[in-house]
2 protein chains.
Amino acid sequence: MPTDVTKPAKRPGRPRRDQPGLTRQAILTAALALVDEHGLDTLSMRRLASELGVDPMSIYHHLPNKAAIVSGLVGEVFSRMPLELPAGTWQERVRAWAEAYRGLARAHPNLVLQIVTDSAAVSEAAIAISEPLYAALDAAGLAAAEVIAAADTIVDFVNGNALGAAAPGGPDQLAERLAARDTDDPDDADTAPTMRRVHAAGRVTAGFDAGIEIILRGLRR
Amino acid sequence: MPTDVTKPAKRPGRPRRDQPGLTRQAILTAALALVDEHGLDTLSMRRLASELGVDPMSIYHHLPNKAAIVSGLVGEVFSRMPLELPAGTWQERVRAWAEAYRGLARAHPNLVLQIVTDSAAVSEAAIAISEPLYAALDAAGLAAAEVIAAADTIVDFVNGNALGAAAPGGPDQLAERLAARDTDDPDDADTAPTMRRVHAAGRVTAGFDAGIEIILRGLRR
DNA sequence: CCATTAATTCTACGACGTAGATTTTCGAAC
DNA sequence: GTTCGAAAATCTACGTCGTAGAATTAATGG
């Protein structure tokens, strides 16, 4: 009694007109769900195909290779970025842009590395996303070179912060770990004394907002 | 005539006392060289072993798995960070710290992703590296919470900037690409008008320094 | 001298990305 | 209608990867 649990073995051949048929969109949607739920390293062509109820090689008729899938996922995420910001002072617009970008990254922590990498490489999608930031800074009356410097600074900060926010046990548990230092082993109590003292004295709740405020303050002359 | 070019086939067994013998250090050094020269994705146990003139499985007696090698590489890079900064005003010390950290990342562009990830996850090595930055900010007379916010902001910016600096065709060629937009296809001329205008008007040479100055300026009250 | 342990090579397994051949269906030309 | 090329799917297979487990040899401690 072999209890054959394998699938009914679909036959090859182009699907009939009425039958669903695979789609680039369907593939990316399934892949994004898989990555969001189980992490990027569990994304393999075979698993993705089995999720779609399809042969692994079918995917290659809609996307050229695995790298294209991953970059397609980043594009998918980027396409969720609102291209228009609420009106307001230029500072408010910069804050709104930063929050929106940060929201994208936080919605997909398992893709943060790819998102910030793509942003850093200034892909076409990343350019489209940055435009509202430039517009807000331009409205501040800065000189052209200053707009560029400001935008770069903000983008770099936001990327770095997104990375940290998604890191397992990142800056969040830093204070706890520093506090637990001397109790464990007395000899490493002195490797980071300032950090330990400062983290014991003051707690920070909103690191992201604080960073944006520092940068905004630095843009005034 | 089989022209047997395969290696002389070393026999198994523990090496004699005088013979060299594999070392964690030797493995990491070879791996770092391999990664620096050919990129991280060409780092495989088999290639690394062949580089060392050794069987792939030998490596596992010194490092538990491939992930340990990569994180060992990051530790290797971090250990090059100078733990003492030249004296000076607190601003000068912050600048010096940022430059030193940036230098680490620029020296190993193929590892930048792992470096900033490790830094964002605040590994033990990353803590040791950050201490001088905290000390400099503490010397500025900021309140504890302000020191933390400032350090986080600077670390995030520096990480994001390192990522961008290592990205192939990152912010460097951005101006060229924006300038070449309307000539190619007239319909995408409007997707990023502010960016195009601003980049045409002003060129930025030292984005990193400019970012640090903006943040430093933002820390004054 | 003997037993343990350490360091190495050997063999093998399952998973991966994907090239190439095969099968089926669609859609347009005749 | 029939024919025929392209499109969309599956099937088979190759080379590579990380690494578990056994075999082999030398150092080391009793």
Side-chain angles (χ1 to χ4, degrees), chain A residues 4-32 34-35 38-74 110 114, chain B residues 4-32 34-35 38-74 110 114:
Chain A
D4 201 334
V5 201
T6 58
K7 286 156 204 162
K10 228 180 281 188
R11 302 193 352 276
R14 177 170 181 163
R16 305 225 174 109
R17 205 180 14 265
D18 48 354
Q19 254 140 12
L22 209 46
T23 304
R24 190 190 125 100
Q25 256 310 307
I27 294 172
L28 289 181
T29 301
L32 188 54
L34 218 163
V35 167
H38 298 103
L40 184 67
D41 20 309
T42 81
L43 175 66
S44 76
M45 302 304 273
R46 291 167 154 95
R47 250 191 286 275
L48 177 55
S50 116
E51 204 73 23
L52 290 161
V54 115
D55 183 272
M57 294 309 289
S58 300
I59 298 174
Y60 287 89
H61 281 262
H62 304 269
L63 288 156
N65 50 43
K66 186 180 178 180
I69 294 182
V70 174
S71 94
L73 290 183
V74 175
N110 294 337
Q114 281 64 41
Chain B
D4 200 334
V5 201
T6 57
K7 288 157 205 162
K10 230 182 281 190
R11 302 195 349 274
R14 179 170 179 162
R16 304 229 175 105
R17 206 180 11 264
D18 48 354
Q19 255 141 10
L22 208 46
T23 304
R24 190 191 125 101
Q25 255 311 306
I27 295 172
L28 290 181
T29 302
L32 188 54
L34 218 164
V35 167
H38 298 105
L40 184 69
D41 23 309
T42 80
L43 174 67
S44 77
M45 302 304 274
R46 290 168 155 94
R47 252 191 285 276
L48 177 54
S50 115
E51 204 73 24
L52 290 160
V54 117
D55 183 272
M57 295 309 289
S58 300
I59 299 174
Y60 287 88
H61 280 262
H62 305 269
L63 289 156
N65 50 44
K66 186 180 179 181
I69 294 182
V70 174
S71 94
L73 290 184
V74 175
N110 293 337
Q114 281 64 41

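The sequence lines fix the lettering, A, B, ..., with proteins before strands; numbering per chain opens at 1. Just so it is clear, the values below take in all heavy atoms, side chains as well, and ignore hydrogens, waters and symmetry mates.
Taking every heavy atom of both residues into account, A:Ala30 and A:Leu52 meet most closely at CB-CD2, 3.6 Å. The nearest pair of heavy atoms linking A:Val70 to A:Leu43 is CG2-CD2, 4.5 Å. Among all heavy-atom pairs drawn from A:Pro15 and A:Gly21, the shortest one is CG-CA, 4.4 Å.
Going from atom CD1 of A:Ile27 over to atom CG of A:Leu32 covers 13.5 Å, rounded to the nearest 0.5 Å.
A heavy atom lying under 4.0 Å from DNA chain C marks the following residues of residues 21-28 of chain B, by number: B:Gly21, B:Leu22.
The distance between atom CG of B:Leu63 and atom P of D:dT19, rounded to the nearest whole Å, is 11 Å. Residue B:Leu48 contributes atom CG, which lies 14 Å from atom C1' of D:dC17 at whole-angstrom precision. What separates CG of A:Asp55 from C1' of C:dT22 is a distance of 12 Å, to the nearest Å.
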Pairs under 3.5 angstrom, nitrogen or oxygen only, protein versus nucleotides 16-20 of chain C, please.
from, atom 1, to, atom 2, distance (Å)
C:dC16, OP1, A:Ser44, OG, 3.2
C:dC16, OP1, A:Arg47, NH2, 2.9
C:dG17, OP1, A:Lys66, NZ, 2.7
C:dG17, OP2, A:Met45, N, 2.8
C:dG17, N7, A:Arg46, NH1, 2.5
C:dG17, O6, A:Arg46, NH2, 3.1
C:dT18, OP2, A:Tyr60, OH, 2.8
C:dT18, OP2, A:Lys66, N, 3.0
C:dT18, O5', A:Tyr60, OH, 3.4

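The side chain to side chain contact (heavy atoms under 4.5 Å, CB included) check on B:Ser44 picks up B:Arg46, B:Arg47, with sequence neighbours excluded. Scanning for side chain to side chain contact (heavy atoms under 4.5 Å, CB included) contacts around A:Asp55 gives A:Met57, A:Ser58, with sequence neighbours left out. Residues satisfying the side chain to side chain contact (heavy atoms under 4.5 Å, CB included) criterion with B:Thr29, sequence neighbours excluded, are B:Gln25.
Using a 4.5 Å heavy-atom threshold, the side chains of B:Ile59 and B:Met45 count as touching. Inter-residue side-chain proximity for A:Leu73 and A:Gln114 is flagged as unmet; no heavy-atom pair is nearer than 4.5 Å. Taking the side chain as every heavy atom from C-beta outward, A:Leu63 and A:Leu28 approach each other to under 4.5 Å.
A:His61 contributes no side-chain N or O that forms a donor-acceptor pair with the base of D:dA7 under 3.5 Å.
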remark   = Reading nucleotides 25-30 of chain D from 5' to 3' and marking B where a protein heavy atom lies under 4.0 Å of the base, S where only the sugar-phosphate is that close, and - otherwise, the string is BBSS--

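Side-chain N/O atoms of A:His62 include one lying less than 4.0 angstrom from OP1 or OP2 on D:dA9.
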